[in-house]
Protein chains: 2
Amino acid sequence: MNLDEIDKNILQLLQRDSKITTKEISYRLKLSMTAIHERIKKLERQKIINRYVAILDKEKIDKNFLVFCHIKLIQHTKDNVSKFEREILKLEEVSECFHVSGDYDYILKVCVKNMKAYRNFLVNKLTTLQGISSTQSTFMISEVKNSTEINV
Amino acid sequence: MNLDEIDKNILQLLQRDSKITTKEISYRLKLSMTAIHERIKKLERQKIINRYVAILDKEKIDKNFLVFCHIKLIQHTKDNVSKFEREILKLEEVSECFHVSGDYDYILKVCVKNMKAYRNFLVNKLTTLQGISSTQSTFMISEVKNSTEINV
DNA sequence: GGTGAAAACACTCTCAG
DNA sequence: CTGAGAGTGTTTTCACC
């Protein structure tokens, strides 16, 4: 896993724009195309680069109503937890779900069209799951920063 | 913006794997390469596809300590808010920041190496910003789902 | 809207050094 | 790591449905 400065630079560039060519990277980092190519392939093999994805404009596809939903479970038995987590994976409105410490057990990031769609999600999907003790919704007013980039 | 079923299918495929070739898409959707190519270019021009990025494995690059940091501001004057938001953008540890309704003003998603690094971020970076009334940290125990895909 | 084909080009990938 | 060559995918254009 030992990443040198060149690897880190490559990862930074690819995190910002994965359509950048090895040619362009080799030009910027003053290395041959082959060297850059080998390094990228190695990073992919090591699964340091997990995948390449297209990021959409949430507003343009009418999914800009973002809600953080905090969930408490009734019991934290192994069965309850794993069943809940399996069900969450199936909900397409949930883009992220983290098991967390603190006042509640899970934080969900939910992406829908509007409040009506959120209500529908809450009433007909989320709260039909077994084992939920309470939910608390926090609504996004505006997006200040939303990046997939991590500083390496 | 009117997306038909073909556009939606293309967007779904590209959100899952942006390295998929137009050839492969045309095969799956039973359309010619030319048609697929034209549609992708249109989606890019319309900025429905915002960008293409590489997603890294947080664990492998030693940034798997994820914290949700809830922030309250002292005053919500325009100056305070815009200055705070500008400063947040500069913090590389903050991958996401949303202005939200509810008990606090902002939710930050912070990605660092470990608790020590988080403490350092909190003490030396975040809380040196002016206008913050309080912060509350919620730590990730485990990641259940973490997707960039949105259902179109 | 769509097809299919051809040509030009760019990038990826491999290999010898 | 480099440079060059082969292979593959992209991009554009065309005539046409």
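Lettering of chains follows the sequences in order, A, B, ..., and the numbering in each one begins at 1.
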For nucleotides 1-17 of chain C, give me one character per nucleotide, 5' to 3': B if any protein heavy atom sits under 4.0 Å from the base, S if the only such contacts are to the sugar-phosphate, - if neither.
SSSBB-----SBBBB--
Results of side chain to side chain donor-acceptor pair (under 3.5 Å) for A/Asp57 - residues two or more places apart only
none
Quick one: which residue pairs count as a salt bridge (charged side-chain N to carboxylate O under 4.0 Å, His left out) with a foot in residues 66-91 of chain B, not counting sequence neighbours?
B/Glu87-B/Lys90
All side chain to side chain donor-acceptor pair (under 3.5 Å) counterparts of A/Lys47, not counting sequence neighbours:
none
Among residues at least two apart in sequence or on other chains, which ones pass salt bridge (charged side-chain N to carboxylate O under 4.0 Å, His left out) with B/Glu59?
none
Linked hydrophobic residues, B/Met140 as query - side chain contacts closer than 4.5 Å
A/Leu66, A/Phe68, A/Phe98, A/Val100, A/Tyr104, A/Ile107, A/Met140, B/Leu66, B/Phe68, B/Phe98, B/Val100, B/Tyr104, B/Ile107
First and last nucleotide of DNA chain D touching chain A, 5' to 3', heavy-atom cut-off 4.0 Å?
D/dC1 to D/dA4
Hydrophobic cluster partners of B/Val53 (side-chain heavy atoms under 4.5 Å)
A/Val53, A/Ile55, B/Ile55
Under the rule for salt bridge (charged side-chain N to carboxylate O under 4.0 Å, His left out), what residues qualify as partners of A/Lys41, not counting sequence neighbours?
A/Glu44
